[in-house]
Asks: 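Have a look at this one before I ask anything.
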Amino acid sequence: MAPALPPARRRATTVAPVDDAKVDANPRPLKRQRIQSTPEPDDGHSDLEPLTPLPPSSDPALRPDFKRRTTSQEGLKPIPTALLLVSLPSLLSHPPNHKFYVHSLVLSLAALRKCLALPALSPDIECRAWTGMAELGMRVISGGWSQREENAWARGIELEVEKALSRGSIIAQKHPSLRAYKHQLALLQAQLSQWQQKTKFARNQIRNLLSSFLPTDPPHVVYSAHLALIALLTTPTSTVKSSTSTISTPAKPRPGLSNSRNSTSSPQPCAQDIHAALHAVQELEDCAATHKHNQIALLARVLRTRILVAAGMWADVSDAIQHAETALGLSYEAATTPKVRKPLHPSQENGTTPAGAKPNAQTRPAEQTFIMFEDPLEAAMSVHLLMLSIVYYTHTGEAAQVSPRLSHLHALLDSEVLEKFPEGHVEVTFPSGPSLVMQVTHPRVLFLLAFLISSASKRDAVGRKPKRKVFANEGLTTWDNETTRDISFSLWSSMGDVDEVEQRLARIKADLLCEVIAVSIMRSEFDTAEENLDILIAHTRTYDIFSLFSARIALHHAHLAHALARPARALRCYRAAAHHSEPESFVNIAARAGEIALRVGVLRRKATMGDSWRRGLSETDEEWTEEDVELDELEARGGEVIYLCRGMGGTLEAVGEVLDACFTPEILKSKQRLKIALELATKAQDNHLRALILALIAAHYLHTAGDHARTMLQTCEQLAAGLGAPPTKGTGEHTKMPVVLGNAPLGLWVGERFLELFKRFGKDSRAQRQAAVNAQLAKAVEHLARRDVAPSSQGSDPFASSLSSSSSFS
């Protein structure tokens, strides 16, 4: 039997009786005749024989003439060649991480070249083809394909893009109906100029485009130009030419291409560009307010906050955060944010029970409720704003402001808010005209960044399971799991976007490792710190970002050596960190402050112990070859560091106050400085620094106010023991251990002060118990001094071997 027709053709089939008297001048094909209905005899029996199928070679449906006739009969016409060629790129498009992405680029370019080679093209087809050639060419350029010699198909694409931009602009200017192409070509021209290091020319092109808009232009084109100008102003300029063997993004050079000192950290725009970008953002917000486009106004407020945070203009960030939160309808209460309490038994609630509840049932605590967002743009902006505000309040040391915002961020992530923009772009619709599609931070980056921000915002390292360490370890585990999953990208993304996401993810893992190292050093978990330092160095080498983290790695090595009582190595690492960091940056000031604190301690030991000042320090330390520094010179250098600590956030401000108290000869002024430092550390919930400050304050009151000193020492002792508490409480034999070591040197110092107080007040029994505890702490400190060098640092220093030859300094 012949195959049945599709339903649509069945409905089109007509039923007509067979009339032998009429002769059809245009006989239908046999296949059409077979499905033609035939009237049956009145008795219900048919004299026709069963039909047999025709062989494939004799089937008229397979003949070209039959196909042409059926096509024309159905009303379909052949697609014009020019229209087919110019439409192929959209049909062949793939995400940049697809295995056939390069193939689609090659075929799309070939189709557009053939289209442009056709004669007598209509202006709309020709302008569309030139615009498509420019767009595809910029994708090839941004992906770095044209910079590789082995990619012959991409060779000379830069000249083709310039030609396409020129020809397309001429056609768009001649025909007013093609004005939309003129705007798109202008944006592509600015993008190409920026890639060619013609930064000033690119910015002028965007400004000229903004001044040429008419009231009738659709809003998505106007806002696209505004956002392009902001992106150009906030993109740091680089004088480094792209390497032929390195994939680079336009105006986003990969790190490690330059050996200059400025390449040791991410490049930052100059102050003039920052102010110009803020002015451009204000113009965008004013334009959105004029046309009552609230979503664009919200975007402008979040952009202003992001620019201020990235530029370190902390004085203006607070107002920007409040304006952006007002636009989203967010408000938080700092110190009065309720925490989830344990369920209360009905007997503890004045004998009252909720209606419908059983008398013995525990009532559930009131849960915190947060605003959720259904619109993708509002969801993306809320996540970005919460992250920026958490970073800001963590920097300023306001833990009470961080807590509610961090809880809201976690609630949004738990509600799968990132699924609202899975490919990293959001769409804004307007009452008239097409919608605006904007690229935002990729959700994979935001998801892992949430672990990093959560870890960095939790400053407290005391406890059995400090949240700072928990979030960092969970982030590393999640990072390893996420690397095995494919990342979704939009069709219009480029390989430059893929490379940027990979670089951001690599930096996030490096930052998470830094958090684990820092909290491990604070908790005297030195084996974990050394192990993760080796992992960090290997990771940064693998992803070619070691130059970005070299200063921080050196600072971690300095803190580790300082905690292990190795002053010579600590001094060398502090100097390395200061040398490889940007002047007056956070890492630079922290390294210089650490060096000053170390020299103060060495100077004090030399003054009290003489030539035997190294007794009790690490036996594996390097030789101390530094010349003695006079106190006046040390005070001058310390005063410069103290001045730089002002306005650098809660942590460095507290460190500056501690250094100022050390150099101040007046006891009253020293107490005042330490009091300010204690308030800053308490406000930031930084108990590691708080323990040191309490010890210094107790030393001032030890001989004048014994009761006050004892209170300070008790708190300091608890913090020192918590800096290294085991994850779980011991059972069985472990419960008989009388001392939790934690920070053994600090604990021993506190124990010796307690022993002095007990002997002074004649408490012999307590003095004996304290002496036993001090003996155990002394053994721990002695064991720390005799601690062997880690296997990774035997023979050669992994950090020193990673530094370039420029690290040799006095």
Asks: Classify the ring geometry between Y543 and H539 as parallel (under 30°), tilted (30 to 60°) or perpendicular (over 60°).
Replies: tilted
Asks: Distance from L746 atom CG to L694 atom CG, nearest 0.5 Å?
Replies: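 Reported to 0.5 Å precision, the distance equals 9.5 Å.
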Asks: Of T528, L555, I535, L536, which is the lone residue that meets side-chain contact (heavy atoms from CB on, under 4.5 Å) with I517?
Replies: L536
Asks: Verify side-chain hydrogen bond (donor to acceptor under 3.5 Å, both in side chains) between E398 and T396, making sure each step is shown before the conclusion.
Replies: CA-CA 6 Å; E398 300 180 54; T396 57; 3.2 Å; yes
Asks: Kindly give the heavy-atom pair with the smallest separation between S455 and A472, and that separation in Å.
Replies: OG-CB, 3.5 Å
Asks: Under the side-chain contact (heavy atoms from CB on, under 4.5 Å) rule, what do L278 and L308 come out as? Steps first, then yes or no, please.
Replies: CA-CA 8 Å; L278 293 174; L308 292 173; 3.8 Å; yes
Asks: Apply side-chain contact (heavy atoms from CB on, under 4.5 Å) to H688 and D460, showing your working.
Replies: CA-CA 7 Å; H688 181 265; D460 191 5; over 6 Å; no
Asks: Look at the side chain of T682 and the backbone N and O of E679, then say whether any donor-acceptor pair between them is shorter than 3.5 Å.
Replies: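 Between the backbone of E679 and the side chain of T682 there is no qualifying donor-acceptor contact (under 3.5 Å).
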Asks: Do the charged groups of R566 and E622 touch, with an N to O distance under 4.0 Å?
Replies: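 No, R566 and E622 are not salt-bridged.
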Asks: Can any side-chain N or O of D621 pair as donor or acceptor with the backbone N or O of A568 at less than 3.5 Å?
Replies: yes
Asks: Compare all side-chain heavy atoms of L784 with those of S618 and state whether any distance is below 4.5 angstrom.
Replies: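 With C-beta onward as the side chain, the pair stays apart.
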Asks: Indicate the atoms forming the closest heavy-atom contact of N588 with A578, along with that distance.
Replies: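 N588 and A578 have their closest heavy atoms at ND2-O, 3.0 Å.
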Asks: Can you tell me if CG on D611 sees more than 12 non-hydrogen neighbours from other groups inside 6.0 Å?
Replies: no
Asks: A side-chain contact here means heavy atoms from C-beta on lying under 4.5 Å apart; do L388 and V391 qualify?
Replies: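 They are not in side-chain contact.
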Asks: Using a 3.5 Å distance criterion without hydrogens, assess whether the side chain of T235 forms a donor-acceptor pair with backbone atoms of A231.
Replies: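 Indeed, once roles are kept as given, a pair shorter than 3.5 Å links the two residues.
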Asks: Calculate, to the nearest 0.5 Å, the distance between atoms CG and SG belonging to N532 and C514 respectively.
Replies: 10.0 Å
Asks: Measure across A744 and A780 and return the closest heavy-atom pair with its distance rounded to 0.1 Å.
Replies: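 Residues A744 and A780, closest heavy atoms: CB-CB, 3.9 Å.
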Asks: Do you know which two heavy atoms are closest between F663 and E635, and how far apart they sit?
Replies: CD2-CG, 3.4 Å
Asks: Output, in order, the C-alpha distance, side-chain angles, deciding distance and verdict of salt bridge (Lys or Arg N to Asp or Glu O under 4.0 Å) for D660 and K669.
Replies: CA-CA 9 Å; D660 196 1; K669 186 177 180 181; 5.3 Å; no
Asks: Is there a side-chain contact between F471 and L512 in this structure, where contact means two heavy atoms from C-beta onward sitting under 4.5 Å apart?
Replies: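 A side-chain contact is absent here, since even the closest heavy-atom pair is not under 4.5 Å.
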Asks: For the backbone of A461 and the side chain of R523, can you confirm whether one donor and one acceptor N or O come within less than 3.5 Å of each other?
Replies: yes
Asks: Between W479 and L505 (side chain of the first, backbone of the second, donor and acceptor by atom type, cut-off under 3.5 Å), is there such a pair?
Replies: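 Present.
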Asks: Which heavy atom in I521 sits nearest to a heavy atom in F526, and how many Å separate them?
Replies: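 It is O-CE2, 4.2 Å.
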Asks: Rounded at 0.5 Å granularity, tell me how far CG in L674 sits from NE2 in H700.
Replies: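 Spacing of CG (L674) from NE2 (H700) equals 5.5 Å.
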Asks: Do T664 side-chain atoms and E666 backbone N/O form a donor-acceptor pair below 3.5 Å?
Replies: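 Not a single qualifying donor-acceptor pair exists.
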Asks: Yes or no on side-chain contact (heavy atoms from CB on, under 4.5 Å) for T478 and L448, after CA distance, side-chain angles and deciding distance?
Replies: CA-CA 7 Å; T478 306; L448 293 173; 3.8 Å; yes
Asks: Report yes if some heavy atom in the side chain of T305 is under 4.5 Å from a heavy atom in the side chain of H384; otherwise report no.
Replies: no
Asks: Using a 6.0 Å distance limit plus a 45 degree cone around the ring axis, check whether R753 lies over the aromatic ring of W749.
Replies: yes
Asks: Using 0.5 Å steps for rounding, measure from the CG atom of L603 to the CD1 atom of I596.
Replies: 11.0 Å
Asks: Test your reading of the model: is there a side-chain donor-acceptor pair from R605 to the backbone of W613, 3.5 Å cut-off?
Replies: yes
Asks: Heavy-atom count check: over 12 atoms from other residues, nucleotides or ligands less than 6.0 Å from R306 CZ?
Replies: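 No, not enclosed.
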Asks: Of the options E657, E653, E640, which is the one that meets R646 in a salt bridge (Lys or Arg N to Asp or Glu O under 4.0 Å)?
Replies: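 That would be E657; it is the only one of E657, E653, E640 passing the salt bridge (Lys or Arg N to Asp or Glu O under 4.0 Å) with R646.
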Asks: Are the side chains of P745 and L748 in contact, using a 4.5 Å heavy-atom criterion?
Replies: no
Asks: Identify the heavy atoms of I307 and A277 that sit nearest to each other, and give their distance.
Replies: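 Answer, listing the atom of I307 first, then A277: CD1-CB, 4.1 Å.
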Asks: Return yes when atom NZ of K606 has more than 12 non-hydrogen atoms of other residues, nucleotides or ligands closer than 6.0 Å, and no otherwise.
Replies: yes
Asks: I'd like to know if the side chain of H395 and the backbone of G650 have a donor-acceptor N/O pair within less than 3.5 Å.
Replies: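 A pair under 3.5 Å: no.
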Asks: Do we see a donor-acceptor contact under 3.5 Å between the side chains of Q401 and R405?
Replies: yes
Asks: Where the side chain of Q685 meets the backbone of R459, is there a donor-acceptor pair that is under 3.5 Å apart?
Replies: no
Asks: Taking the side chain as C-beta and beyond, is there a heavy-atom pair between E595 and L571 under 4.5 Å?
Replies: yes
Asks: Are K469 and E515 close enough, and set up right, to give a salt bridge (Lys or Arg N to Asp or Glu O under 4.0 Å), and what steps lead you there?
Replies: CA-CA 7 Å; K469 186 177 181 179; E515 291 297 321; over 6 Å; no
Asks: For K467, does the NZ atom sit with more than 12 other heavy atoms under 6.0 Å from it, leaving out its own atoms?
Replies: no
Asks: So if I apply the side-chain contact (heavy atoms from CB on, under 4.5 Å) rule between L513 and each of T540, L476, I553, I508, which one comes out positive?
Replies: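 Filter result, single survivor: L476.
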Asks: Is there a side-chain contact (heavy atoms from CB on, under 4.5 Å) between L564 and E530? Walk through the geometry before answering.
Replies: CA-CA 12 Å; L564 291 173; E530 290 175 344; 4.2 Å; yes
Asks: Using atom types as modelled and distance alone, determine if a side-chain donor or acceptor of T608 lies under 3.5 Å from a backbone N or O of R604.
Replies: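 Yes; judged by distance alone, with no hydrogens or angles, the pair exists.
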Asks: Would you compute the distance between atom CD1 of I453 and atom CE of M387 and round it to the nearest 0.5 angstrom?
Replies: 4.5 Å
Asks: Would you mind reporting whether H580 and V587 have side-chain heavy atoms less than 4.5 Å apart?
Replies: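 Sidechains of H580 and V587: no contact.
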Asks: Strictly by modelled atom types, are H557 and R569 linked by a side-chain donor-acceptor pair under 3.5 Å?
Replies: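 Yes, R569 and H557 have a side-chain donor paired with an acceptor closer than 3.5 Å.
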Asks: As an exercise, state the distance from SG of C573 to NE2 of H562, rounded to the nearest 0.5 Å.
Replies: 12.0 Å
